Every structure is written in C-alpha cells, then in structure tokens.
Number of protein chains: 2
Amino acid sequence: MAATPRGLSELLERNGVRATPRRLEVLEELAHERDDVTAQQLWTRLRDRDSRAGLATVYRTLALLSERGVVDVLSHHGGEQCYRLCGAEHHHHLLCERCHRVVEIQECGLDDWVVAAADRHGFVATDHRVEIVGVCADCRRV
Amino acid sequence: MAATPRGLSELLERNGVRATPRRLEVLEELAHERDDVTAQQLWTRLRDRDSRAGLATVYRTLALLSERGVVDVLSHHGGEQCYRLCGAEHHHHLLCERCHRVVEIQECGLDDWVVAAADRHGFVATDHRVEIVGVCADCRRV
DNA sequence: CGTGGTAATGAGAACCGTTATCGTTCTCGC
DNA sequence: GCGAGAACGATAACGGTTCTCATTACCACG
C-alpha cells in the first residue's frame with residue numbers, strides 16, 4: 001500500500017514510461033488516494049502542494065498510465081472520468097453508492113459464467129467488466 | 001422486436017411520459033437500431049428523415065427515457081454516451097469489440113456471487129453491472 | 001563541460017458533447 | 001374554441017478534455 005517514491009519510479013520504468021518529476025508527482029498523489037479522483041481534483045491537490053504541474057500534463061500523464069494499465073479509469077460519474085491506481089492483475093470494483101468508496105475485488109471466478117453467456121449468443125468472450133454497487137460498512141453504520 | 005408505433009406510444013404512456021410526435025419519432029428511430037446510438041447520430045438520422053426535431057429535444061427525450069428505465073445508457077465510448085432501447089427487466093450487455101454490436105443478456109444468475117463478493121468486503125450489494133466484451137459470430141467468420 | 005536532438009512541460013486556446021435559456025408552438029381538459 | 005402548462009427549436013453557455021506551440025529539461029555523444 002505505502003509505495004515508496006522509489007517504487008513509483010520503478011513502476012513507471014517497468015511500464016516503459018520515463019520517470020520524470022511531474023509524472024512522479026502525479027503518481028504519488030494518486031497513491032495517496034484511497035478511492036478514485038478526477039483529473040481536475042488531482043490537479044488542484046498538486047497545486048495546493050506547490051506543484052507547478054499544468055492541467056494538460058496531468059491529463060497527459062493519466063492517459064499514458066491508463067494506456068499502460070497502471071491506472072484504472074472509471075466512468076461512474078456521468079461525463080467525468082475517475083482515475084485509480086490499481087493492481088495489475090484482473091480485478092473488478094465495488095462502489096459505495098453513498099460515500100463513493102472504491103474497493104478492488106481480486107477474486108473474480110466468473111470466467112466460466114462469462115464464457116458460457118457469451119457462447120450462448122455466438123460470441124467469443126475476450127474480456128469482461130463488473131461493477132458492484134452497494135453500501136459500505138461505514139455508511140451502513142450511520 | 002418489431003414494435004409498432006402504437007406499441008411505442010403505449011410504452012411512453014405506461015412510463016408516465018406524454019406521447020408527443022417528437023418523442024415518438026425519437027423512440028421509433030431507436031427501435032430501428034440494432035445496437036446503440038449516440039444522441040447526435042440519432043439527431044442526424046432524424047434530420048435525414050425530414051424530421052425537424054432539435055438536438056436539444058433529442059437529448060431531453062433520451063434523458064427522460066433513461067430516467068424512466070426505457071432506454072439504457074452505455075458509456076463504452078470515452079466521452080460520448082450511447083443509448084439503446086432495452087427490455088425493462090434486469091439484464092447485462094455483450095459487446096462486439098470489432099463491429100460494436102450490442103446484445104442483451106437476459107439470464108443473469110449472478111446474484112449469489114455478487115452478494116458474496118460484496119459481503120466479503122463489508123458491503124451490502126444493491127446493484128451490479130456486467131459488460132462482456134468479445135467477438136460476435138459475424139466478425140469471427142471474416 | 002558544450003552541444004544538439006528529442007521528449008516533456010505549461011499556459012491557454014480550441015474542441016465537442018451536453019445542458020440551460022428563452023421565446024414560440026403545441027396539447028389537452030374544459 | 002380557449003387558456004394554462006408542457007413541449008419544442010434555435011442557439012448560447014458550460015465543462016471536461018485535448019490540442020497547439022513556444023519553452024524547458026533531459027541525455028547521448030563529442
């Protein structure tokens with residue numbers, strides 16, 4: 001969880017992305033985020049931390065990272081995209097409909113179901129996305 | 001599948017939406033579509049058919065219909081929303097990654113899995129969305 | 001150390017899908 | 001028919017994202 005700046009730098013290089021100071025700033029800010037953030041939120045936070053990063057750079061970096069599979073892009077807010085630093089393995093997401101908390105589900109186990117459902121309609125499945133919406137433990141307590 | 005204009009009118013009334021000529025035009029155009037369409041595509045097609053419908057009306061109608069659950073909104077194209085006339089029951093979608101064909105999957109059967117996965121992380125599941133991406137029979141044949 | 005070529009960056013304009021505004025037109029119960 | 005309220009069309013406004021371009025940082029090579 002607590003990825004060191006050193007680890008972040010390696011994460012970039014490993015994915016064929018040059019580890020520049022700006023990209024590390026963006027990545028570090030993403031690593032601090034429990035749930036997900038929009039590009040504009042990220043930019044505002046960087047500004048508050050005295051980074052001089054431009055909005056365009058934030059967008060460029062996020063686009064690059066999502067292309068390389070380093071970050072996930074969620075479209076659960078109409079119009080606006082949310083970004084999240086996620087594990088590289090296949091996973092799904094659990095969303096809290098009240099506080100917008102995002103949790104990764106590592107255990108998928110749907111492959112057989114997916115293949116069967118696709119086959120029933122003449123498709124060959126290559127990928128699938130699942131989002132579970134619910135209420136998290138904290139929000140239920142209130 | 002081949003919904004008559006009469007049926008479309010009823011479909012609107014049944015969902016508490018006044019069946020105006022413009023809304024029927026939009027709905028009929030949607031009914032002609034095998035897969036899904038963007039608002040702008042729909043508007044262009046209506047124009048080509050000598051409808052004088054304004055773009056705003058198309059957006060308003062689609063928003064109204066999706067609110068009432070008459071049409072599904074898919075965000076699988078970055079930025080742009082796609083609309084599709086779908087069954088009222090719970091269902092998922094199968095997408096062809098080549099020709100963008102969209103097929104409804106009526107059989108879900110994931111409820112137990114969803115509840116269990118949510119529970120494992122302290123969530124109470126209220127809803128879930130599944131999208132299977134693959135290659136349809138036609139595209140595989142080529 | 002210079003130096004030159006390439007990649008990255010910041011500021012702001014441009015873009016584009018969507019929504020709001022507003023004056024006009026239509027609809028429907030009376 | 002008539003009047004109140006809903007729907008509509010044209011177009012301006014909005015907001016998130018991408019593009020442009022001049023400037024700056026990086027790095028291999030001399």
Side-chain angles (χ1 to χ4, degrees), chain A residues 8-9 12-13 15-30 36-68 70-84 100, chain B residues 5 8-13 15-30 36-68 70-84:
Chain A
L8 297 181
S9 179
L12 290 178
E13 303 286 6
N15 285 281
V17 178
R18 196 146 86 187
T20 67
R22 287 291 171 261
R23 287 172 180 167
L24 283 170
E25 281 178 20
V26 170
L27 200 52
E28 200 192 336
E29 194 61 48
L30 265 177
D36 55 6
V37 269
T38 66
Q40 316 239 6
Q41 286 173 332
L42 208 50
W43 177 66
T44 304
R45 293 185 195 175
L46 288 173
R47 280 292 156 115
D48 291 346
R49 291 185 176 220
D50 300 321
S51 164
R52 236 165 306 117
L55 183 56
T57 299
V58 172
Y59 274 104
R60 275 189 289 240
T61 302
L62 290 172
L64 197 56
L65 293 180
S66 71
E67 207 173 276
R68 296 296 204 281
V70 177
V71 306
D72 279 6
V73 186
L74 306 184
S75 309
H76 53 126
H77 288 174
E80 207 166 2
Q81 314 235 63
C82 294
Y83 299 87
R84 182 172 204 275
H100 295 141
Chain B
L8 296 181
S9 181
E10 271 169 21
L11 180 57
L12 289 178
E13 304 286 6
N15 285 279
V17 178
R18 195 146 87 188
T20 66
R22 287 292 172 259
R23 288 172 179 165
L24 284 170
E25 282 178 19
V26 170
L27 200 51
E28 200 192 337
E29 194 60 49
L30 265 177
D36 54 7
V37 266
T38 65
Q40 316 240 5
Q41 285 173 331
L42 208 49
W43 177 67
T44 304
R45 292 185 195 175
L46 287 173
R47 281 292 158 112
D48 291 346
R49 290 184 176 221
D50 299 320
S51 164
R52 236 166 305 114
L55 183 56
T57 298
V58 173
Y59 274 105
R60 275 189 289 240
T61 303
L62 290 172
L64 196 58
L65 293 179
S66 71
E67 207 174 276
R68 296 295 202 283
V70 178
V71 306
D72 279 6
V73 186
L74 306 184
S75 308
H76 53 128
H77 287 175
E80 210 165 358
Q81 314 235 65
C82 293
Y83 299 87
R84 182 172 205 276

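In this text the structure is predicted, and so the values were computed from the model without any measurement. Order of the sequence lines fixes the chain letters, A, B, ..., with proteins taken first and strands second; residue numbering starts at 1 for each chain.
- Within 4.0 Å (heavy atoms only), B:Ala53 reaches sugar-phosphate atoms of the nucleic acid but no base atom.
- Closest approach to the B:Glu80 side chain among C:dA8, D:dT17, C:dT18 is made by C:dT18 (side chain taken as heavy atoms from C-beta onward).
- The environment of CZ in B:Arg47 is crowded: more than 12 heavy-atom neighbours from other residues, nucleotides or ligands sit within 6.0 Å.
- Taking only side-chain nitrogens and oxygens, B:Arg23 comes nearer than 4.0 Å to OP1 or OP2 of D:dC8.
- At a cut-off of 3.5 angstrom, the base of C:dG10 holds at least one donor-acceptor pair with the side chain of A:Arg60.
- Distances shown here put a side-chain N or O of A:Arg47 below 4.0 Å from the OP1 or OP2 atom of C:dA11.
- Nearest nucleotide to the B:Arg22 side chain, out of D:dA7, D:dC8, C:dT18: D:dC8.
- Comparing A:Ala56 and B:Gln81 by the nucleotide of DNA chain C whose heavy atom lies nearest to each, the residue mapping closer to the 5' end is A:Ala56.
- Of the candidates D:dG16, D:dG9, D:dC26, the closest approach to any side-chain atom of A:Pro21 belongs to D:dC26.
- Atom NE2 of B:His77 and atom C1' of C:dC16 are 16 Å apart (whole Å).
- Taking every side-chain heavy atom of B:Tyr59 into account, C:dG17 is the closest of C:dC28, C:dG17, D:dC27.
- When distances run from any side-chain atom of B:Leu55 to the nucleotides C:dT18, D:dT17, C:dA11, the shortest one goes to C:dT18.
- Taking the charged nitrogens against the carboxylate oxygens, B:Glu29 and B:Arg49 do have a contact shorter than 4.0 Å, which makes a salt bridge.
- The side chain of A:Thr20 contributes no N or O atom lying less than 4.0 Å from OP1 or OP2 of C:dA8.
- With rounding to whole Å, A:Leu64 atom CG is found 8 Å from C:dA8 atom P.
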